[in-house]
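Beneath this line is the structure, given in structure tokens, with notes to follow.
The model shown is predicted, which means the values in this text are computed figures rather than measured ones.
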Amino acid sequence: MTVLRKINLIISKLNIFDLLFFTLLISSVVISMVTEMKNLIFTIPPATLCIIGKYIQIKRRKINILFTLALLSIFVSEILVFSDFKTYLLWITILNIIFLLLTSLVLKNYLRFGKIRSSINFSVFLSTALVVYLLFSVFHLILEKVYGIQVYFTILCEFSILLFLFQVGKIYLSNYYKTGTMLLASGLFCLFQILLSIINEFLYYNTTFTTLIITCHSLALYLLSRFLLKTNSLNKEDIREKYI
């Protein structure tokens with residue numbers, strides 16, 4: 001199969017929301033490199049709306065209200081981010097906490113304790129320790145920049161991120177779902193986006209970081225929605241039949 005035929009096959013499997021999403025994402029990358037960040041308000045929130053639209057279109061009456069609300073909270077957060085990040089920092093933090101907690105509740109249905117990927121070893125624990133250290137370091141940076149009630153929401157946001165990443169890692173390592181790699185990629189994109197956002201806003205602003213942030217952010221949401229669209233949670237009977 002030629003490269004052109006492969007590309008045509010991939011495109012044929014995309015619906016209108018996918019095409020709009022990737023068009024907006026590419027436009028966002030260009031905008032982030034050639035103009036001011038505030039102009040991304042015209043592309044990033046609409047890209048998230050495309051994810052919401054696709055999810056509702058495919059799920060229809062079986063939509064998960066919690067996940068829909070999670071995406072809507074991120075949509076509002078994006079508008080505030082590109083309006084004035086520092087002015088609306090408290091509300092952005094709250095909306096991101098809502099997203100992470102609601103998403104964690106949705107992913108809870110996919111958690112099945114017991115079976116662990118056989119390849120788990122010291123490197124997994126080392127990676128976990130590194131993630132915790134990075135999150136602690138960057139959030140310590142935020143705590144030096146914020147005051148009052150924002151401190152408590154910042155700490156809550158960090159715990160929400162750790163909860164979300166724990167569930168992503170557990171689902172991937174359980175090896176119950178063929179789409180686990182997709183969810184893992186979403187979690188990693190989410191982690192990179194959070195770390196780079198904090199560095200970009202509080203330590204060192206760089207347009208390259210902005211480009212990486214919006215790319216990771218959008219792909220994290222897209223892959224998360226694809227995982228939920230393509231994957232049904234297993235019950236105990238399914239697990240016994242497939243793995244015991």
Inset, instruction - State whether the number of non-hydrogen atoms from other residues, nucleotides or ligands found under 6.0 Å of Y88 atom OH is greater than 12. - result: no

Inset, instruction - Please report the C-alpha distance between V168 and L224 in whole Å, then the side-chain angles of each, then the deciding distance to 0.1 Å, and finally whether the side-chain contact (heavy atoms from CB on, under 4.5 Å) criterion is met. - result: CA-CA 10 Å; V168 168; L224 177 61; over 6 Å; no

Legend entry - Non-neighbouring partners of N39 that pass side chain to side chain donor-acceptor pair (under 3.5 Å), sequence neighbours left out: T35

Inset, instruction - Verify side-chain contact (heavy atoms from CB on, under 4.5 Å) between Y172 and T181, making sure each step is shown before the conclusion. - result: CA-CA 7 Å; Y172 171 73; T181 304; 3.8 Å; yes

Inset, instruction - State yes or no: do L20 and I26 share one hydrophobic cluster built from I, L, V, M, F, W and Y residues joined by side-chain heavy-atom distances below 4.5 Å, directly or via other members? - result: no

Inset, instruction - Might you confirm whether atom CD of Q57 has over 12 heavy atoms from other residues, nucleotides or ligands at distances under 6.0 Å? - result: yes

Inset, instruction - Look at the side chain of N206 and the backbone N and O of N200, then say whether any donor-acceptor pair between them is shorter than 3.5 Å. - result: no

Legend entry - L71 backbone acceptor or donor facing Y55 side chain under 3.5 Å: no

Legend entry - Qualifying residue for side-chain contact (heavy atoms from CB on, under 4.5 Å) with I171, from F166, F227, Y176: F227

Legend entry - Residues in side chain to side chain contact (heavy atoms under 4.5 Å, CB included) contact with S197, at least two apart in sequence or another chain: Q193, I213

Inset, instruction - Would you please name every residue forming a ring-ring contact (aromatic ring centres under 6.0 Å, His included) with F99, sequence neighbours left out? - result: none

Legend entry - Pairwise side-chain contact, K54 with L229, heavy-atom cut-off 4.5 Å (strictly under): yes

Legend entry - Closest approach of I44 to S218 (non-hydrogen atoms, all atoms of both residues): CD1-OG, 3.8 Å

Inset, instruction - Quick one: pull up NZ in K59 and CD1 in I56 and give me the separation to the nearest 0.5 Å. - result: 12.5 Å

Legend entry - OG1 on T68 to CD1 on I63, rounded to 0.5 Å: 4.0 Å

Legend entry - Point-to-point distance, once rounded to the nearest 0.5 Å, from CG of N109 to CG of N232: 11.5 Å

Legend entry - Qualifying residues under ring-ring contact (aromatic ring centres under 6.0 Å, His included), relative to F164, sequence neighbours excluded: none

Legend entry - Distance, nearest 0.5 Å, that separates CG of L195 from CZ of F209: 11.0 Å

Legend entry - Residue that, paired with F159, satisfies side-chain contact (heavy atoms from CB on, under 4.5 Å) out of I155, I161, L163: I155

Legend entry - T43: partners by side chain to side chain contact (heavy atoms under 4.5 Å, CB included), with sequence neighbours left out: L24, S27, S28, I31, L40

Inset, instruction - For the residue pair L111 and L107, establish whether any side-chain heavy-atom pair is separated by less than 4.5 Å. - result: no

Inset, instruction - Would you mind reporting whether T215 and F189 have side-chain heavy atoms less than 4.5 Å apart? - result: no

Legend entry - Contact check, side chains of Y205 and T210, non-hydrogen atoms, under 4.5 Å: yes

Legend entry - Partner residues of F192 under the ring-ring contact (aromatic ring centres under 6.0 Å, His included) criterion, sequence neighbours left out: none

Legend entry - F22-V29 co-clustered via ILVMFWY side chain contacts under 4.5 Å: no

Inset, instruction - For residues L228 and V106, determine if any side-chain heavy atom of one lies less than 4.5 Å from a side-chain heavy atom of the other. - result: yes

Legend entry - Whether over 12 other heavy atoms sit under 6.0 Å from F42 CZ: no

Legend entry - Distance-minimising heavy-atom pair for I51 and F21: CD1-CE1, 3.7 Å

Inset, instruction - Using atom types as modelled and distance alone, determine if a side-chain donor or acceptor of S186 lies under 3.5 Å from a backbone N or O of M182. - result: no

Inset, instruction - Please report the shortest heavy-atom distance between I92 and F85, naming the atom on each side. - result: CD1-O, 3.6 Å

Inset, instruction - Identify the heavy atoms of P46 and I41 that sit nearest to each other, and give their distance. - result: CD-O, 3.8 Å

Legend entry - Shared hydrophobic cluster, L156 / I194 (ILVMFWY, side-chain heavy atoms < 4.5 Å): yes

Inset, instruction - Begin with the C-alpha distance, continue with both residues' side-chain angles, and end with the deciding distance and a verdict on side-chain contact (heavy atoms from CB on, under 4.5 Å) for F17 and I52. - result: CA-CA 9 Å; F17 288 112; I52 297 173; over 6 Å; no

Inset, instruction - Find out whether L223 and L183 are in side-chain contact, i.e. whether some heavy atom of one side chain is under 4.5 Å from a heavy atom of the other. - result: no

Inset, instruction - Answer with yes or no whether the hydrophobic clustering places M37 together with V34; edges join I, L, V, M, F, W, Y residues whose side-chain heavy atoms lie under 4.5 Å apart. - result: no

Inset, instruction - For residues G187 and L165, report the shortest heavy-atom separation together with the two atoms involved. - result: O-CD2, 3.6 Å

Legend entry - Distance (rounded to the nearest 0.5 Å) between L196 CG and I214 CD1: 12.0 Å

Legend entry - L80 side, atom CG; F82 side, atom CZ - distance, nearest 0.5 Å: 11.0 Å

Legend entry - Cluster link L90 to I98, ILVMFWY, side chain under 4.5 Å: yes

Inset, instruction - Would you check if I74 and H217 make a side-chain contact, meaning some heavy-atom pair closer than 4.5 Å? - result: yes

Inset, instruction - Give a yes or no on whether the backbone of T93 and the side-chain of N96 come within a donor-acceptor separation of less than 3.5 Å. - result: no

Legend entry - Nearest atoms (heavy-atom pairs only) where L100 meets C157: CD1-O, 4.2 Å

